[in-house]
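A short write-up of the structure that comes next.
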Amino acid sequence: MPSVGGLARIYPPKSRASFRSRSFATSYARRSANPCADHVRSLNDSTNALVSFSTEDNPNPHGLLSSLTVAIKDNICTTALPTTCSSGMLHNFTSPFDATAVELLKAGGANIVGKANCDEFGMGSLNVNSVHGPVVNPYRTLNEELIPWAERERRSAGGSSGGSAAAVAAGMCDAALGTDTGGSVRLPASYCSITGLKPSYGLISRWGVVSFADSLDCVGVLAKSVDTVKTVFDSISSYDPKDPTAATPRIRGKAQASVEALVSALDANTSKPDLSALRIGIPQEYFPSELDITIVTAVRKVLERLMSLGAQLIPVSLPSTPYALSAYYVITSAEASSNLARYDGVQYGTRSPTLPGTDKSKPSNVYAHTRSAGFGVEVQKRILLGTYALTADAFDNYFLQAQRVRQLIKSDFDSAFRVPNAQLSSSPQNADGVDILLHPSAIRTAPPLDSDATSGLDPYLQDVMTVPASLAGLPALSVPAGSAADGWPVGISIVGQWGSDELVLRIGEIIQRTADTDDSYIIGLSTSFAPKRNRVVIYAGNMWYYTDMHENNVRMDVRYDM
């Protein structure tokens, strides 16, 4: 995959501390007479969501996207705006070309408002690893509606696409492009109460996206509604011969044909669509003991509504899920160490002058000083871990084992879905499988920026619900599902077989459209079938299921045949 560093550049020396001391948005923003642009800047003062602002005119005022304003994550190349990856290493870099996704947006007439803040090189779950500073979640709870902004609680917008999510949630733009490696679109969408799509791997071109982990990176779309997400996704989801990982038109057509009948049967334009043909899987491994119990309550309400519309709930097991997070961090760190090796201050990136007396006859001394000054702590940590995982002593025990776990996770998903995987030459159809999977998007609501949850190992646990779909390359959509006990938003994720993005979006649209309807109570406490405390019984598909909650450990399993 070609890198952003198509041209070798040597930049003026500047310390990392000086990068953090100034506002990049202020440095690169040229004041415009457009009052909308000034409004966006005023909103950005409280969220730090955008790091540079566009002054370009609409390239196609009559295009299908001409009514949309879009923000672009800072690791996606643009010719009119700097692409810094929120890193000191690329603090002054402007790409000589637009990413394919940006080209398609411009061709459709979309108005680019600016570049969105992100975790450095996409590495993070809370958007606190940015040279531009953390992104503040713009969400307001009911208790904070009348409280001045300066006195409200500061919470994370999620990462690494937190700037993209916050820009949408704050009303700075209609939609935003992000990148999702292990949940970097879905987690911010959940924290900010918006919609975020990670498409099937290979459907949206990665040409012009600065690589973090090539085998996992996906360009994703964030917006307030599924309709807007679908509009943008349809505009940028096309085969790109410049991207060697792009899915071919034949594979795309094969995947689309496999779910076409089900998609056409689901009418999302009515308040009471018929979902009797839909089989929804509830993966029991996605309800761990760490999951906030009030998040389960919000997810259960969504399941109630879907069941009242005729959908069948089927408990499924994905046994390799507990190993997904460990495999993910081994694979991504290894790929990151390889991808970021080019940023040494000689080939690409900002060169930092060596200290007096340094032996410059050794290139390693020059490289090490530049990389220490240009990369943040999180990036350095992952480079070191990834480099170790690729050494001769650790390769078999770590990297190869992680790849084996990844294959097991893919097999688990293929066994669970009714539709075969279009990427496989021979994949038998599972008549007893499910069409989609539903699970909470995150184990908790957005953590406060000054809490212990933003340090130590806690940030790495935030992706535990989203990583498996990324390892398998599956489409996943996070949509708002209400609020938890603390008043902050909860997201629910819809995961489909590879290439069934249309189906995932259709279900997301149904969940949004029926959110305010008064559904009949399908799930409830039963004294005859569920004598235990905290047992909830579900009847679906001529079978009874139950969920048990013991010390916040929620399990769904088959109980009775009827």
Worksheet item: Passes side chain to side chain contact (heavy atoms under 4.5 Å, CB included), V299 versus Y286? Steps please.
Response: CA-CA 12 Å; V299 171; Y286 285 68; over 6 Å; no

Discussion item. Show, in sequence, the C-alpha distance, side-chain angles and deciding distance for L216 and L471, and conclude whether the side chain to side chain contact (heavy atoms under 4.5 Å, CB included) test is met.
Written reply: CA-CA 7 Å; L216 289 150; L471 288 172; 3.9 Å; yes

Practice prompt. Would you please test V504 and V495 for side chain to side chain contact (heavy atoms under 4.5 Å, CB included) and show each step?
Written response: CA-CA 7 Å; V504 167; V495 180; over 6 Å; no

Item to complete: Evaluate the criterion side chain to side chain donor-acceptor pair (under 3.5 Å) for residue pair D174 and T228; output intermediate values, then yes/no.
Response: CA-CA 8 Å; D174 299 310; T228 305; over 6 Å; no

Item to complete: Check the pair S478 / S441 against side chain to side chain donor-acceptor pair (under 3.5 Å), numbers first and verdict last.
Response: CA-CA 6 Å; S478 179; S441 297; 2.8 Å; yes

Fill in: Q423 and Y201: CA distance, side-chain angles, deciding distance, side chain to side chain donor-acceptor pair (under 3.5 Å) verdict
CA-CA 11 Å; Q423 293 178 305; Y201 181 83; over 6 Å; no

Item to complete: Please report the C-alpha distance between L278 and L306 in whole Å, then the side-chain angles of each, then the deciding distance to 0.1 Å, and finally whether the side chain to side chain contact (heavy atoms under 4.5 Å, CB included) criterion is met.
Response: CA-CA 10 Å; L278 184 66; L306 295 175; 5.7 Å; no

Worksheet entry | Verdict with supporting geometry, R506 and D435, salt bridge (charged side-chain N to carboxylate O under 4.0 Å, His left out) | CA-CA 12 Å; R506 183 64 58 89; D435 301 306; over 6 Å; no

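The 12-atom threshold is not exceeded at OH of Y323, counting heavy atoms of other residues, nucleotides or ligands nearer than 6.0 Å. For E378, the CD atom is densely surrounded, since the number of other residues' heavy atoms within 6.0 Å is greater than 12. Within 6.0 Å of CG in L424 there are more than 12 heavy atoms belonging to other residues, nucleotides or ligands. Within a 6.0 Å sphere centred on CG of D45, heavy atoms belonging to other residues, nucleotides or ligands number more than 12.
D243 and T100 are not linked by any side-chain donor-acceptor pair at a separation below 3.5 angstrom, with hydrogens and angles left out of the test. Under the 3.5 Å distance criterion, with hydrogens and angles disregarded, no donor-acceptor pair is assigned to the side chains of E153 and T141.
When all heavy atoms are compared, the tightest approach of L291 to P440 is CD2-CG, 3.9 Å. Closest heavy-atom contact between I76 and V102: CG2-CG2, 3.8 Å. In this structure, G133 and N48 approach most closely via the heavy-atom pair O-ND2, 3.3 Å. The shortest heavy-atom contact between H439 and P283 is CB-CG, 4.3 Å. Counting all heavy atoms, side chain and backbone alike, L187 lies closest to S125 at CD2-O, 3.4 Å. Shortest non-hydrogen contact noted between I510 and T514 is O-OG1, 2.7 Å.
When the options D214, D180, D240 are evaluated for a salt bridge (Lys or Arg N to Asp or Glu O under 4.0 Å) with R206, the one that passes is D214. For the pairing with K73, the side-chain hydrogen bond (donor to acceptor under 3.5 Å, both in side chains) check across S161, S86, S164, S184 returns one residue only, S161. With R155 as the fixed residue, the side-chain hydrogen bond (donor to acceptor under 3.5 Å, both in side chains) test singles out one of T454, N137, D450, D486: D486.
Distance check, rounded to the nearest 0.5 Å: CD of E144 to CH2 of W149 gives 8.5 Å.
Although no hydrogens or angles enter the test, the distance criterion places a donor-acceptor pair under 3.5 Å between the side chain of R154 and the main chain of R152. No side-chain donor-acceptor contact under 3.5 Å links N117 to the backbone of V51. At least one donor-acceptor pair under 3.5 Å links the side chain of R252 to the backbone N or O of A247. In terms of modelled atom types and a separation under 3.5 Å, the side chain of N44 and the main chain of L50 share a donor-acceptor contact. Here the side chain of E285 pairs a donor or acceptor atom with the backbone of L318 at under 3.5 angstrom. At distances below 3.5 Å, at least one donor-acceptor pair connects side-chain atoms of R279 with backbone N or O atoms of D432. Not one N or O on the side chain of Q512 forms a donor-acceptor pair closer than 3.5 Å with the backbone of G508. The backbone N or O of L126 lies less than 3.5 Å from a partner atom in the side chain of S156, making a donor-acceptor pair. T231 places a side-chain N or O within donor-acceptor distance of the main-chain N or O of D227, the cut-off being under 3.5 Å. Formation of a donor-acceptor pair under 3.5 Å by the S200 side chain with backbone atoms of G499 is found in this model.
Ring pair W488/Y139 is tilted by interplanar angle, where 30° to 60° counts as tilted.
Contact of the T195 side chain with the L222 side chain is not registered, since no non-hydrogen atoms from C-beta on lie closer than 4.5 Å.
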